[in-house]
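The structure under discussion appears below in the form of structure tokens.
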Protein chains: 2
Amino acid sequence: MSTAEETAGGEAQPWGEVTPDAARRLLLAAVEAFAERGYHATTTRDIAGRAGMSPAALYIHYKTKEELLHRISRIGHEKALDILRTASRGEGTATERLADAVSSFVRWHARGRTTARVVQYELDSLGPGARAEIVGLRRQVDAEVRGIIEDGVRSGEFDVPDVPGTTLAVLSLCIDVARWFNVDGPRTPEQVGALYADLVLRMVGAGNTGSV
Amino acid sequence: MSTAEETAGGEAQPWGEVTPDAARRLLLAAVEAFAERGYHATTTRDIAGRAGMSPAALYIHYKTKEELLHRISRIGHEKALDILRTASRGEGTATERLADAVSSFVRWHARGRTTARVVQYELDSLGPGARAEIVGLRRQVDAEVRGIIEDGVRSGEFDVPDVPGTTLAVLSLCIDVARWFNVDGPRTPEQVGALYADLVLRMVGAGNTGSV
DNA sequence: GGCAAGGGTGAGCGAGCGCTTAGCGCGCCT
DNA sequence: AGGCGCGCTAAGCGCTCGCTCACCCTTGCC
């Protein structure tokens, strides 16, 4: 009911904006490889091979291997920010909006675990300029969640002694899903999203959601 | 008051058990390098250089670069497990023991951020055999926290609908400290430990600790 | 049908990787 | 005092890396 971000097939179709088809296939292959083995351990030959191309084809569409990571990271962060903004600026009480934000953010990390891993864990592999841009996007992500929590404190729904610290913890909890979530594990992304929304509402001292 | 794991100098003196002095210096250099740049991006020349030795010196004390990572990971996990066991098997209510476990576990991740990063994020860089051993240690870590939560549920102190899921979330929250904690940031490890202990008690529905 | 344009390939460059080997110098045992 | 062995280094092996270059094959326009 609360996710405006889905498209038809469950996983949405990400990377639709990457325009030459071959460039998108290469980028998708890079996401897979970076998530599996890490940026530095991934070779350009591996990326090109996954995309069914020769190693040289990569350099027609991207100037360097790092440009691939930069593109992935920027698009991924914009998507994450978009998800949080949609929840944050929706209607409803702060409690409802926080639950919505957490559950949809968590679902995104669980479903697109490969993408999320690259986005969240390969920041340090970027050069200084690219990193600075991404750090700016992260600050906006933080501000979005902090805004909801501040709303809840103002309205008396939440009891939060340390708003910046709690914001940090909420985001940290969601982001770490990308590290441990296992597609073959016992939980679906939806179940984790619901569990985490409940836990976060407890963290901010909101009335229990009555879930489960 | 609750930390039995400290020694003199704040950071404890880890790696005391690594016996030839040169081997310890190499291992310490490897921890630094792995934490900064990641395992795959670290060269054996870099490790040896940080330890003030020639590249070949590394192979007198360690068979391969991976053996260094394995040793770091095993010692680190044993230390983390030790911290949790000390808190878990201490005296006091489940509430007190959970707060103690979380705050000391978080302090370890914040203080020894370099070590913790390697321990928590470079698991996949190990070969199958070494990884299996480490995964076994992680299961023990999980069991220790789950045990405290189960105690609290049994005694009526906690209200936890999903014990395994909540255990996962608590550990995830603590571990992710190693990703974001910044030594030059506004929070001390002690402050983060106290904040997180409070947040976790809220997550399990324990009465508020009255901290701050 | 000829031809420019551009996406793609095979081969390979210089560099840096993990790791090995031959040999050196210093401390310890007698 | 002599010699042995351990800890270490300089040099370098074979390999793979990110990336480049000369060339080809297809496509669309006249």
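Chain letters run A, B, ... following the sequence lines, proteins first, then strands; residues in each count from 1. Excluded from the calculations below are hydrogen atoms, water molecules and symmetry mates; all remaining heavy atoms, backbone and side chain alike, are included.
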Give me the distances for all protein-to-nucleotides 26-28 of chain C N/O pairs that come in under 3.5 Å?
none

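At whole-Å resolution of the value, CD1 in I47(A) and P in dG18(D) are 8 Å apart. Atom-to-atom, OH of Y62(A) to C1' of dG8(C) comes out at 15 Å; the value is rounded to the nearest Å.
Side-chain N/O atoms of R85(B) and Q140(B) include a donor and acceptor closer than 3.5 Å. Judged purely by distance below 3.5 Å, without hydrogens or angles, the side chains of E122(A) and S125(A) pair a donor atom with an acceptor atom.
Residue T44(A) places no side-chain N or O under 4.0 Å from the OP1 or OP2 atom of dC19(D).
Qualifying salt bridge (charged side-chain N to carboxylate O under 4.0 Å, His left out) partners for E96(A), counting only residues two or more places apart in sequence or in other chains: none.
Counted within 6.0 Å of CZ on R37(B), heavy atoms from surrounding residues, nucleotides or ligands total 12 or fewer; the atom is thus considered open.
Considering only side-chain atoms of A22(B), the nucleotide from dC8(D), dT20(C), dC19(D) that sits closest is dC8(D).
Scanning atom types as modelled, one donor and one acceptor separated by under 3.5 angstrom connect the side chain of R45(B) and the base of dG18(C).
Ion pair R89(B)/E144(B) flagged as a salt bridge, since at least one NZ, NE, NH1 or NH2 atom sits closer than 4.0 Å to an Asp/Glu carboxylate oxygen. D124(A) has a carboxylate O that lies under 4.0 Å from a charged side-chain N of R117(B), or vice versa, which qualifies the two as a salt bridge.
Residue contacts shown for S54(B) include a base, since a base heavy atom lies under 4.0 Å away.
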